[in-house]
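Numbering of ligands and ligand atoms starts at 1, following listing order.
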Amino acid sequence: MTIQEAIARYLKKQNQAGLSPKAVLFDMDGVLYDSMPFHARAWKEVADEYGLTSDRKDFYMMEGRTGASTIDKLFQHSFGRNATEEEKKEIYAKKSERFHRYNDGNPMPGASEVLRKVKRYGLLPVLVTGSGQRKLIGKLQQDYPDCFAEDKMVTGDNVRYGKPDPEPYRKGLQKADAQPYEALVIENAPLGVESAVSAGIFTIAVNTGPLDDQVLLQKGADLLYPDMESLAADWDKLMEATGNRAAPFPGKKS
Ligand code: MG
């Protein structure tokens, strides 16, 4: 499907008259950081320790949920009940400890290039993550300088329901002072795509994990790329298709 076709389909599906982005809402894990393998490993090990039945891929399927919600899902699946508050606290602390031990903190290849283009076209980057990992959120300023302002971030600490509810992306729109048709979302997780699509936003999936493309498309992704590099390579075409005339000119600081 061409970008033009994807936009036409979005407008019809969401009953919008036009797509004129002024903000780009970025998910964090699996989009800005190549951190998902470490999350999955930490979750799988802690789940095994607690006798919770799981497969490594489950953690990619559940990506975007808050820690508490993920633990409840595992308990429901294994024991037919929710976890107690105490269990949630203990398990999430163990998972976080392992994640920080394993995580190499490497930014996602191609993400800097996407952000550079986003800024060149005059679009506002906003972070929308289910993560409450302060360390990683703090590292953003270092790895992507002058991209995400402190007041342009929605984290796991600011939401009540979290993904796949539309709430986090609706909050992202508020931070950008944008309507759904004035934003784009970049997501790697099925539940993140579901959240963004439910919020009425044109959603670009980047399949940086082990799941089938179909999983992301079935959740309603409007466009799909295998990685951030190929999205960066297509960015000019995407802007042209939305009618963004703020074409980058030489010498403009980005
Ligand atoms: Mg993600």
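Shown here are the side-chain hydrogen bond (donor to acceptor under 3.5 Å, both in side chains) partners of K89, two or more places apart in sequence or in another chain: there are none.
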Can you list, pair by pair, the side-chain donor-acceptor contacts under 3.5 Å of residues 147-154, counting residues two or more places apart and other chains?
| residue | atom | partner | partner atom | Å |
| --- | --- | --- | --- | --- |
| K152 | NZ | K175 | O | 2.9 |

Hey, can you pull the donor-acceptor pairs under 3.5 Å for the side chains in residues 162-172, sequence neighbours left out?
| residue | atom | partner | partner atom | Å |
| --- | --- | --- | --- | --- |
| K163 | NZ | D27 | OD1 | 3.0 |
| K163 | NZ | V128 | O | 3.0 |
| K163 | NZ | E187 | OE2 | 2.8 |
| D165 | OD1 | E167 | N | 2.9 |
| E167 | OE1 | R160 | N | 3.2 |
| E167 | OE1 | Y161 | N | 2.6 |
| E167 | OE1 | G162 | N | 2.9 |
| E167 | OE2 | R160 | N | 2.7 |
| Y169 | OH | E187 | OE2 | 2.7 |
| K171 | NZ | N158 | O | 2.8 |

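Heavy atoms from other residues, nucleotides or ligands lying under 6.0 Å from CG of D55 number more than 12.
A salt bridge does not link E5 to R9: none of the charged side-chain nitrogens sits closer than 4.0 Å to a carboxylate oxygen. A salt bridge links K13 with D222: at least one charged nitrogen is closer than 4.0 Å to a carboxylate oxygen.
For the Mg ion (ligand 1), the tally of protein N/O/S atoms lying closer than 2.8 Å stands at 4.
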